[in-house]
Amino acid sequence: MQPYSISIVSRMLLVLLLVASSISPAWSQTVQKPKIVIIATGGTIAGTGNSSANTSAYQSAVVGVDKLIAAVPEIRSVADVKGEQIFQIGSESFNNEPLLKLAHRVSDLLKSKDVDGIVITHGTDTLEETSYFLNLTIKSDKPVVLVGSMRPGIALSADGPLNLCNAVVVASDKSSVGKGALVVMNDEIHSARDVTKTNSVKIDTFKSLYGPIGTVVESQVRYDRLPSRPHNLQSKFDIDKIQSLPEVNVVYTHGNMSRVPYDAFAAAGPKAIIYMGFGNGSVPDYIDGVLKEVRAKGVFIVRTTRTGSGSIVRNGETDDDKNDYMVIDDQNPAKARLLMALVLTKTSDTKELQKIFWKY
Ligand code: GLU
């Protein structure tokens with residue numbers, strides 16, 4: 001054989017080797033798993049009870065993130081996970097301080113090329129608020145998935161371990177990129193904008209106005225719909241530019257409503273009151289004048305509903321144009337509070353505020 005033909009054979013062998021290594025992981029380096037950071041904040045998913053029959057009477061926010069991860073070894077086959085314990089609190093205790101701290105941490109982590117997605121373990125009580133806030137303010141399209149549980153880890157039929165595993169699967173899946181903050185509970189994937197806790201104790205408590213956007217079953221992620229409202233990269237709000245939030249309060253309306261909460265809030269000086277009215281945000285005759293007085297003091301009034309769903313029709317139940325009120329779209333009052341606080345970091349013009357409310 002001529003020397004030049006040896007070189008042709010060895011080149012062909014080299015090409016074969018390269019092709020084989022690209023199709024067989026055994027020939028190449030280990031396949032890179034997505035790098036997911038699990039940020040633990042507390043809640044029932046980190047809870048423990050005295051007996052395995054304690055499904056609702058137990059102590060939340062006790063178990064640390066390393067134990068949560070160790071309890072679900074399946075996670076390691078899906079992703080390279082790193083745990084971070086940012087707080088150990090019940091989510092009812094989230095006020096603006098932990099909310100902003102968490103959002104800043106998420107934003108910082110997602111800037112790293114060593115982080116492909118984030119899972120946040122969180123109490124279920126205010127999970128919808130935290131997720132909505134992150135949905136609006138994090139400038140990244142990498143997946144951010146919030147997860148909790150309704151039963152503590154020690155309970156019979158605990159839901160936390162599978163929820164956590166599913167959350168990591170969803171955060172690791174490329175199809176979750178660009179979908180906004182997600183809530184994974186009970187095999188369902190919800191958009192942060194629409195999801196609400198609807199029952200105090202039941203496992204299937206998280207519901208979205210228009211249904212979940214996807215499911216995660218047997219570690220298979222499936223999306224059926226896309227969130228249509230601005231979030232993350234398309235959102236006007238950027239957590240890196242927000243160090244504090246203006247005070248916004250919600251007032252629930254009921255029969256024989258008193259003016260005391262309005263006067264108290266107006267005196268305390270919040271920027272806005274989310275008026276949680278009956279039906280289409282209706283205002284009793286005897287409260288009408290009170291709302292006008294509060295507005296005249298410079299406090300914004302945003303009409304919402306206590307019905308649990310539906311958008312508010314502007315100038316429907318009251319003359320919003322004349323009174324200079326705003327109406328929320330279909331977000332619940334807790335989410336309206338967060339959106340109003342964010343919008344007030346941008347503008348105080350009620351026409352502009354109303355436009356943003358309809359868009360988001
Ligand atoms: N109230 C607690 C919390 O929201 C426990 C409820 C739960 O996580 O399910 O953190």
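Along the sequence shown, residues are numbered consecutively beginning with 1. Numbering of ligands and ligand atoms starts at 1, following listing order.
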May I ask whether Phe87 and Leu127 are part of the same hydrophobic cluster, defined by side-chain heavy atoms of I, L, V, M, F, W, Y residues being less than 4.5 angstrom apart, directly or through others?
->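 Linked within one cluster.
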
Could you say whether the N/O atoms of [X] and ligand 1 ever approach to under 3.5 Å?
X      : answer
Lys197 : no
Thr126 : no
His122 : no
Ser60  : no

Mind jotting down which residue pairs meet the salt bridge (Lys or Arg N to Asp or Glu O under 4.0 Å) criterion with at least one end in residues 271-283? Sequence neighbours excluded, please.
->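 Qualifying pairs, neighbours excluded: none.
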
Contacting atoms of ligand 1, where contact means under 4.0 angstrom from a heavy atom of [X]:
X      : value
Ser149 : 7 (C), 8 (O), 9 (O)
Thr124 : 4 (O), 6 (C), 7 (C), 8 (O), 9 (O)
Gly43  : 8 (O), 10 (O)

So which of Arg151, Glu92, Met150 gets nearest to atom 3 (C) of ligand 1, if we judge by its closest heavy atom?
->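 The option holding the nearest heavy atom is Glu92.
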
Is Glu188 salt-bridged to Lys207, cutoff N-O under 4.0 Å?
->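 No, Glu188 and Lys207 are not salt-bridged.
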
Is Lys346 salt-bridged to Asp238, cutoff N-O under 4.0 Å?
->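 Answer for the salt bridge query: no.
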
Show the numbers, then the answer: is there a side-chain hydrogen bond (donor to acceptor under 3.5 Å, both in side chains) between Asp187 and Thr215?
-> CA-CA 6 Å; Asp187 296 355; Thr215 53; over 6 Å; no

Top protein contact for atom 5 (C) of ligand 1, by heavy-atom distance |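 Answer for atom 5 (C) of ligand 1: Thr44 OG1, 3.0 Å.
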
Atom 10 (O) of ligand 1 - nearest protein heavy atom and its distance =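 Checking every protein heavy atom, the shortest distance to atom 10 (O) of ligand 1 gives Ser91 N, 2.7 Å.
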
By salt bridge (charged side-chain N to carboxylate O under 4.0 Å, His left out) - contacts of Arg76 (at least two apart) =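 For Arg76, no residue satisfies salt bridge (charged side-chain N to carboxylate O under 4.0 Å, His left out) once neighbours in sequence are set aside.
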
Let me know which of Asp321, Asp320, Asp329 forms a salt bridge (charged side-chain N to carboxylate O under 4.0 Å, His left out) with Arg314.
->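 Of the listed residues Asp321, Asp320, Asp329, the salt bridge (charged side-chain N to carboxylate O under 4.0 Å, His left out) partner of Arg314 is Asp321.
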
